[in-house]
Amino acid sequence: MTANRTNTWAIIVGGMLVALVLAFFVSRYASSSPDGLEKVAQDQGFIDTATEHATAESPLADYGVEGIDDEGLSTGLSGIIGVVVTFGIGVLIFAIFSNRKRPTDGEGDAAAAVTSSGPAS
């Protein structure tokens, strides 16, 4: 592995660790106040007309993990799951769009020589 690849992996792994730590610990301190739309609905008096959304019964509904009674732990685990799923989707999208033809041995050098010095005559 080259030094450049090692640095890239170190940045990816380091960033992932920071995101996981923040998702677990900082999510516990997120505001429990209603978001903007919910606040407007309360202020305007039509919050009672709200209905449950399609995913209200999902295992990660309301920023928690179903079946875990400790609210802080439930929120932290939900954050970790969110980070891992988002990272996985990002890797998948990156893999799909980076599926380009890579030069085989020697082809990259020839292409670089042609573009840097112009075509040979």
Side-chain angles (χ1 to χ4, degrees):
M1 214 182 256
T2 65
N4 194 18
R5 272 197 185 194
T6 302
N7 289 341
T8 300
W9 280 108
I11 291 170
I12 291 171
V13 170
M16 186 69 168
L17 288 174
V18 168
L20 290 170
V21 168
L22 288 173
F24 186 77
F25 291 107
V26 177
S27 64
R28 297 169 181 241
Y29 300 104
S31 174
S32 60
S33 300
D35 64 14
L37 293 175
E38 190 174 356
K39 177 73 170 136
V40 169
Q42 285 177 349
D43 292 347
Q44 297 299 317
F46 63 89
I47 190 73
D48 296 334
T49 63
T51 59
E52 287 292 334
H53 53 83
T55 60
E57 298 297 322
S58 71
L60 298 176
D62 291 328
Y63 305 105
V65 177
E66 184 179 333
I68 297 180
D69 295 330
D70 182 342
E71 187 176 337
L73 179 61
S74 177
T75 302
L77 289 176
S78 178
I80 286 176
I81 292 167
V83 167
V84 170
V85 168
T86 302
F87 183 77
I89 291 170
V91 167
L92 181 64
I93 290 171
F94 181 79
I96 290 169
F97 286 106
S98 69
N99 190 13
R100 59 181 178 186
K101 184 178 178 183
R102 295 192 172 118
T104 56
D105 291 342
E107 285 182 21
D109 297 336
V114 169
T115 57
S116 64
S117 63
S121 22

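Computed over heavy atoms, backbone and side chain alike; hydrogens, waters and symmetry mates excluded. Every value quoted in this text rests on a predicted model; they were computed, and no experiment measured them.
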Using modelled atom types only, decide if a donor and an acceptor are shared between the side chain of Asp62 and the backbone of Gly64 within a distance under 3.5 Å.
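Not at all, since once roles are kept as given, no pair shorter than 3.5 Å links the two residues.
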If hydrophobic clusters are built from ILVMFWY residues whose side chains come within less than 4.5 Å, do [X] and [Y] share one?
X	Y	answer
Val85	Ile68	yes
Tyr63	Ile80	no
Ile81	Met16	yes
Phe25	Val83	yes
Val18	Val13	no

Looking at every non-hydrogen atom in both residues, tell me the closest pair between [X] and [Y] and how far apart they are.
X	Y	answer
Ala56	Ala61	O-CB, 3.2 Å
Phe46	Val40	CE2-O, 4.3 Å
Glu66	Glu57	OE1-O, 3.8 Å
Ser27	Gly76	OG-CA, 3.6 Å

Check this for me: Asn7, atom CG, are more than 12 non-hydrogen atoms of other residues, nucleotides or ligands nearer than 6.0 Å?
yes
If you count every heavy atom of other residues, nucleotides or ligands that lies below 6.0 Å from Asp35 atom CG, does the total exceed 12?
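Yes, enclosed.
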Are the side chains of Glu71 and Thr75 in contact, using a 4.5 Å heavy-atom criterion?
yes
Please tell me if the side chains of Val84 and Leu20 come closer than 4.5 Å, counting only heavy atoms from C-beta onward.
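Val84 vs Leu20: side chains touch.
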Hey, what do you get for [atom1] ([X]) to [atom2] ([Y]), rounding to the nearest 0.5 Å?
X	Y	atom1	atom2	value
Ile93	Ser98	CD1	OG	11.5 Å
Thr8	Ile12	OG1	CD1	6.5 Å
Leu77	Asp70	CG	CG	9.0 Å

Looking at Lys39 and Asp43, is any side-chain nitrogen of the basic one under 4.0 Å from a carboxylate oxygen of the acidic one?
yes
